[in-house]
Amino acid sequence: MPKAQLFITCLGDQFYTKTLQNMTVLLERLGVELTFPHEQTCCGQPHFNNGFESQAREVARNFLRAFGRSDASIIGPSGSCVSMVKHHYPELFPAGTPEHALAAEIASRTFEFTEYLVNVLKVTDVGAVYPHKVTYHASCHYLRELGLKTEAKTLLNAVKGLEFVPLNEEETCCGFGGAFTVTYPEVSRSMMENKLKNILASGADTVVMCEPGCLMNVAGGLHKTGSNIRAMHIIDLLSSK
Amino acid sequence: MSETPTYIGFEAYTGHIPPSIPSAVQQATARFAVGRAARVSELPQFEQLRQIASDIRLHTIENMDTYLLRFEEKVTAAGGHVHWAATAEDARQIVLQIAREHNVKLAVKSKSMATEEIGLNHALETAGIEALETDLGEYIIQLAGTGPSHIIVPAIHLKKEEIAAIFSEKLGIDAPADPIELTRIAREILREKFLNAEMGVSGANFLIAETGTLVMVTNEGNGRMCTTMPDLHVAVVGIDKIIPDWESLTVFLKLLARSATGQKLSTYTQFITGPRRAEGEFGPKEFHIVLLDNGRSDVLKDPIGREVFKCIRCGACANVCPVYKNVGGFAYGWFISGPIGAIFAPQMLGTPTARELPYASTLCGACADVCPVKIPIPTILRHLRRRVAEGDQIAASTMPAPIAAAAKLSALALAQNWIYRFGARILPPVMALFTRDSWISSAPYPLNRWTKSRPLLAFTAGFRSWWKNRNAK
Amino acid sequence: MTNPVIENIRRSLGGQRPPYNPRRGLGPRPAIYESRRPESVDSEIEQFLDEVRKLSGVAEKLSADSVSDALKALVAKNGIRKATLWHTPLFEQLGIENTLRSLAVDIISPNADKHEMAHCDLGITEAEYILPETGTLVLASSAEKPRAVSLLPRLHLAIVRPEMLRPDLHQVFAEHIGRGEASLRPYTPDYLVFITGPSRTADIELTVTLGVHGPKNLHVWIMVKNLTVAFD
Ligand code: SF4
């Protein structure tokens, strides 16, 4: 029986209770034995990406403590946070140190949710039903740092009743970028508005993505414009019956 | 615009971007990005070319002294003059000195980033020498008195009506708002200037060490005019433009136009080795090249940052950059804009001047995907952010104290997980005060900078207790 | 003599650099540096003409006997009154200058003053090489083949031969730097220019406009028949 630790990410923790519950239920239904390391906080990416590397290292140490005592896979609902652990943790510690070895070991067993389903469990149909017109936004780190180009679409493809419609500029950043939203709010907003324009033009009633950050941004934008297009995390869509 | 900025206020600029700029810029970027994609798909070896280009550039950077000295030797052997300029001021003085010796009154210029960098036009004008930009876009913005908004199409922010108005006002003619007519007018005026100028000033796209050859790539032909008509040709070129040999040039020529404009080759590629040799032929009697350092040799100290010198100035990174597309070129405050500007200016001008630029990105990585020489732009952005936030061997931290303090405090809370978990219990009830129907439409500082543009989701933070209850059963 | 720029480069790059090695980091010579193998001369010619046309140039295959007629048509259609051309054996043999004179076109010496050259309607050149993949003309420079002839007139006509075809840049560059005396190699002539289509700009509202500083019209004639004897 595959074993995994839930990596809920700080945004998930604060804002996406339902999504995390769905993730738990889905994985268990697929026969994964889950544990939840409750000492986890944040992966440290906000610090790392903004140049506060020493601080990121402190936060990462907490992660290493929380997840390091097991050899189970680590599964997170965010391409960006997973990429932090997978690609940047080993960079944070000098090669040859025990911390580096631990970071590298942890990196090797960390997976983004859809990646884990499609590439590790080899599951493409989770039995979901969602009779809607759905479009997909490819989140930047999910797409470019993790190189996940087909996984989400493969899963969507198997959802009953789902009609997939393409999104113009699918791979263009939605303007989230973490602290960017508050550092340069005007720029972030124009980027988000471009994304919304394309979503509206797609004719979809649902836009789906694999990133809590982008989701907060896009959902917030849609809410503000009074649109009734739903922005969803892919986990929630895959949990629909 | 040609002056060296003392502080680049990206945020201050982006607070009031004229709405016409993003839409104009997006027209250009879309055109070029589509063209690039089409050319790339035709060339199966494109990825391999990128890797080789990157390797050659790195090799050249690591041996820059060797190649520059070889270049100097070859230019000298070909009868040209090589000048070394450690600073922008040195470069200006060298050019002024040459101009004075030749009694130059009018200099015609072909688009050159290095002369922008040193503010040469201003220096020439001050010395009583007319310096005329001859690339159509550069000519327009010179008349308009603004800077470039795009690397390839510098006047993209101006509509034809505005250009007609500028022509009418500055040239005292009745100019129609028609691109073809406006181009014809510029051709006529500039042709007289080319024929009468005593000096042609250019930059270069590449310098070939093997033979001391300067390579210039243009579409309009003004580059040819500047280097063919006047008896004196002075090129000002950054030392980072050096490449080893002609064989490696094949790689860069295959990448450059395809990445920049989606052409296979630009219209004119010229190879200039010293002054003209044949009697009765056109071309300069005297050829000078000013090799501009201006801080580049200092940047070489940083093995991560110096990859910026792999750049071939194609502009592809800007054409796919969602930030650039929404702010335009002016926001970057200097002559190079877009992602490349965001890693170039902070290194050349220093982080005290350009500390905001490394943050002018969502680190989406689209730039690195298209860069023909594989510059890891997001990695360098993070590296420079670290210089700003924490300081490194190159420069001390320039992060405003409150932000640095907030970062330290938040990291403390996140690293000591009990603080985080305690906070996570307090936050939802506090934020509930601002929440209506699961949305927070105006939050207290600093989250107000988020809610200004879109509401924030309610803090639910319910997973931990759900998990606990569920597993307690 | 000390050179502060070079010294500072050396200081920055540090003392522990591995010794200079021309191919260090470049690995084995990549196959990309090998020239393409063309299918046939005919297909190369077709591709070349095709690319020139895609760039808004006018490209034709001509035989020696049809050159006079083609010139007549060109002069009439484009209102040519003044022309300049390279001094080459091919042009002599084709009788270009005489044909033009018979059409009442003024011939300006290619070595004339630039102000005079600037008023030419037509400039005629050959090429050193032509590149089919990009529709590129490669022109060298000498007293007999001045560079202004392809630059100042509003119409540039290049008369080329299949012998000028080269598979790609690699071949062109190798030949170019192989010129001159062996003792001087690598050595290169003072000037070489690639011309790929007519002068163009898109600087105003991205509207493509031809002939901004260089020639507005580019015509290329490739001589295909009846000239074999003249080819070396
Ligand atoms: S950084 Fe890369 S993509 Fe950007 S201008 Fe330079 S070479 Fe082109």
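Only heavy atoms go into these numbers, but all of them, side chains included; no hydrogens, no water, no symmetry mates. A, B, ... follow the sequence lines: proteins, then strands. Residue 1 opens every chain.
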B:Tyr67 ring center within less than 6.0 Å of C:Tyr20 ring center: yes

Residue selection (most heavy-atom pairs with chain C, distance under 4.5 Å) from B:Gln51, B:Arg187, B:Glu192: B:Arg187

C:Pro110, C:Ser142, C:Ser109: which one forms the most heavy-atom pairs within less than 4.5 Å of chain B? C:Ser142

Top of B:Arg296, B:Glu279, B:Gln270 for chain C proximity - count of heavy-atom pairs under 4.5 angstrom: B:Gln270

Between B:Ala28 and chain C, which part of the residue has a heavy atom less than 4.5 Å away: side chain, backbone, both or neither? both

C:Arg36 CZ: over 12 foreign heavy atoms closer than 6.0 Å: yes

In terms of the angle between their ring planes, are B:Phe271 and C:Phe173 parallel, tilted or perpendicular, with boundaries placed at 30° and 60°? perpendicular

Below 4.5 Å from any heavy atom of chain B, which atoms of C:Glu133 appear? Answer side chain, backbone, both or neither. backbone

Centroid separation under 6.0 Å, is that true for the rings of B:Phe194 and C:His213? yes

Per-residue contact mode, C:Thr136 against chain B (heavy atom under 4.5 angstrom): side chain

Does the side chain to side chain donor-acceptor pair (under 3.5 Å) test come out yes or no for B:Thr273 and B:Thr213, once each step is laid out? CA-CA 5 Å; B:Thr273 313; B:Thr213 302; 2.8 Å; yes

At a heavy-atom distance under 4.5 Å, which candidate from C:Leu137, C:Ile9, C:Leu139, C:Leu206 has the highest pair count against chain B? C:Leu206

From the list C:Gly14, C:Ala143, C:Ala112, C:Pro215, the residue making the most non-hydrogen contacts under 4.5 Å with chain B is C:Ala143

Can you establish whether the number of heavy atoms outside C:Glu92 located under 6.0 Å from its atom CD is more than 12? no

Most heavy-atom pairs under 4.5 angstrom with chain C, which of B:Met64, B:Arg191, B:Gln48, B:Arg276? B:Arg191

Tell me, side chain or backbone of C:Thr209 under 4.5 Å from chain B's heavy atoms, or both, or neither? side chain

For the pair B:Arg224 (side chain) and B:Tyr268 (backbone), establish whether a donor and an acceptor sit closer than 3.5 Å, ignoring hydrogens and angles. no

If I measure from the heavy atoms of chain B, does C:Arg200 come under 4.5 Å with its side chain, its backbone, both, or neither? both

Contact leader toward chain B among C:Ile195, C:Leu13, C:Ile32, where contacts are heavy-atom pairs under 4.5 Å: C:Ile32

With a 4.5 angstrom heavy-atom cut-off, could you sort out which part of C:Leu152 is near chain B: side chain, backbone, both or neither? both

Most heavy-atom pairs under 4.5 Å with chain B, out of C:Leu151, C:Val138, C:Val193, belong to C:Leu151

Best-contacting candidate, B:Pro179, B:Ala278, B:Gly79, B:Gly274, against chain C by heavy atom pairs under 4.5 angstrom: B:Pro179

Tell me, out of B:Leu136, B:Val153, B:Leu49, who's got the most heavy-atom pairs with chain C below 4.5 Å. B:Leu136

Please classify the contact between B:Leu214 and chain C as side chain, backbone, both or neither, with a heavy-atom cut-off of under 4.5 Å. neither

Passes side-chain contact (heavy atoms from CB on, under 4.5 Å), C:Glu205 versus B:Glu161? Steps please. CA-CA 10 Å; C:Glu205 292 194 358; B:Glu161 290 76 19; 4.2 Å; yes

Examine whether an atom of B:Ala77 lies under 4.5 Å from a heavy atom of chain C, and if so say whether it belongs to the side chain, the backbone or both; otherwise answer neither. neither

Region of C:Val208 in contact with chain B, defined by heavy-atom distances below 4.5 Å: side chain

Heavy-atom pairs under 4.5 Å with chain B: which of C:Asp190, C:Val172, C:Asp203, C:Val5 has the most? C:Asp190

For a quick check under 3.5 Å, do B:Glu220 and B:Thr218 share a side-chain donor-acceptor pair by atom type? no

Proximity of C:Phe194 and C:Tyr129 rings by center, below 6.0 Å: no

